[in-house]
2 protein chains.
Amino acid sequence: MNFYTISQLSQEFDISTRTIRYYEERGLIVPIRTESGQRLYTKKDRAVLKLILRGKRFGFSLEEIHEMISLFDKDRTGRKQLEKTIEYGEQKLKEVKERIDDWLQLKHEMETILEDFKTRLEELEGSE
Amino acid sequence: MNFYTISQLSQEFDISTRTIRYYEERGLIVPIRTESGQRLYTKKDRAVLKLILRGKRFGFSLEEIHEMISLFDKDRTGRKQLEKTIEYGEQKLKEVKERIDDWLQLKHEMETILEDFKTRLEELEGSE
DNA sequence: ATTTTAATTTACGTTAACGTAAAAGTCAAT
DNA sequence: ATTGACTTTTACGTTAACGTAAATTAAAAT
C-alpha cells in the first residue's frame with residue numbers, strides 16, 4: 001500500500017492543508033502517523049476526502065457529512081445495523097428527492113421568465 | 001394599499017425581526033417608515049422577503065440573492081438593460097441545470113446503494 | 001391614564017469553516 | 001553538514017448570518 005502526504009492531497013484537490021487538518025479536527029478523516037508524527041493518508045482516506053468535498057458542493061455541513069460517512073462506515077454486519085442504515089438512507093433519499101423537485105420548479109420558473117423577457121426584447125427590436 | 005408590520009411578517013414566515021432588519025441592513029429590503037420611524041412593509045416587500053427565504057433554501061448567499069433581486073428589479077425598459085438581464089438569467093439557468101444534474105446523480109447513487117443494502121438484508125433474513 | 005405590548009437603535013456575542021502566522025522539528029537535496 | 005522545503009502544534013483572526021440583550025420610545029389595550 002502506498003500513502004499520500006498532506007500536501008499531495010492538498011494539491012490534488014486544490015484545498016489548503018489547514019482545511020484537511022480541520023476535517024481531521026472534526027473527526028472526519030483520521031490518517032495514520034509516521035514515527036515522527038507526520039500524517040499519512042491511505043487510498044481510503046483520499047476517498048473520504050473526495051466524499052467530503054462532494055458533500056460540501058451539495059451544501060451539506062461537515063456535521064451532516066460526518067453523520068453520513070460514519071454511518072456508512074460502521075460495520076453493517078448485524079441485521080439491526082443494516083436496517084438502521086437503510087432507514088436512514090431512505091430518509092436522506094427522500095430529502096434529496098424533495099430538493100430535486102425544488103430545483104426543477106426553480107428551473108421552470110426561470111425559463112418562463114426568460115421567455116417573457118425574450119418576447120419583450122423581440123417586440124422592442126421589431127418596433128425600431 | 002395596506003401594510004405589514006415587522007412582527008406580522010416575522011410571524012408569517014417564522015423568522016425573527018432581527019433577521020428581517022438584517023436583510024434591510026444588507027440592502028435587500030427597504031421598507032417605508034411612519035413619522036415615528038416604524039417600519040411598514042408593502043406587498044412587494046413581502047414578496048421580496050419570500051424570494052429571499054426561497055433563495056436561502058436553495059443555498060444562495062444573501063449577496064447572491066441581492067444581486068439577483070436588484071437585477072430583476074431595475075427598470076428593464078432599455079434594450080441594453082433587457083439584453084443584460086437575459087444574459088445574466090441564462091447564465092444562472094445554466095448553473096441551475098448543472099446543479100440539478102449533480103443532484104440527480106447523487107439520487108441515482110443513493111438508490112443503487114440502498115438496493116444493495118436491501119439485497120443484503122434479504123439474504124440475511126433468508127438464512128435464519 | 002396607566003399598563004402592556006411592540007418597536008427602535010446600538011452593540012456585543014455566537015457558530016461554522018476555515019485563514020494566517022509563529023515557533024519548532026523533520027525530510028530531501030546539494 | 002547545511003540549506004530549503006515540508007510538517008507539526010498552538011493559537012489568534014475572519015466572514016456570514018444572525019442571536020441576544022439593554023435602553024428608549026411609541027402604540028395598543030384596558
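The sequence lines fix the lettering, A, B, ..., with proteins before strands; numbering per chain opens at 1. Fair warning: this is a prediction, and the values are worked out from it, not measured in the lab.
Rounded to an integer number of Å, the gap from Ile6(A) CD1 to dT7(D) P is 7 Å. If you take CD of Gln38(B) and C1' of dA28(D), they are 11 Å apart, rounded to a whole angstrom. Between the CZ atom of Phe3(B) and the P atom of dA7(C) there is a distance of 16 Å, rounded to whole Å. Counting to the nearest Å, the C1' atom of dA26(D) and the CZ atom of Arg39(B) are 14 Å from each other. If you take CG of Leu40(B) and C1' of dA26(D), they are 13 Å apart, rounded to a whole angstrom.
A donor-acceptor distance shorter than 3.5 angstrom exists from the side chain of Gln8(B) to the backbone of Thr5(B), with no hydrogens or angles considered.
Scanning all heavy atoms of the two residues, the minimum distance from Asp102(A) to Phe58(B) falls at O-CZ, 3.3 Å. When all heavy atoms of Thr17(A) and Ser7(A) are compared, the pair lying nearest together is CG2-CA, 4.4 Å. Scanning all heavy atoms of the two residues, the minimum distance from Ile65(A) to Lys56(A) falls at CD1-N, 3.7 Å. Between Ile15(B) and Ile20(B) the shortest heavy-atom distance is CD1-CG1, 3.7 Å.
Listed by residue number, Ser16(B), Arg18(B), Thr19(B), Tyr22(B), Tyr23(B), Arg26(B) are the residues of residues 12-28 of chain B with a heavy-atom contact under 4.0 Å to DNA chain D. Within residues 44-68 of chain B, the residues that have a heavy atom under 4.0 Å from DNA chain D are, in order of number, Lys56(B), Ser61(B), Leu62(B).
In this structure, Thr5(A) does not reach the dC6(D) phosphate: none of its side-chain N or O atoms is under 4.0 Å from OP1 or OP2.
No continuous path of ILVMFWY side-chain contacts below 4.5 Å connects Phe13(B) to Val30(B), so the two sit in separate hydrophobic clusters.
Here the side chains of Met110(B) and Lys97(A) are not in contact, with every heavy-atom distance at 4.5 Å or above.
Residues meeting the ring pair (Phe, Tyr, Trp, His ring centres under 6.0 Å) test with Tyr41(B), sequence neighbours left out: none.
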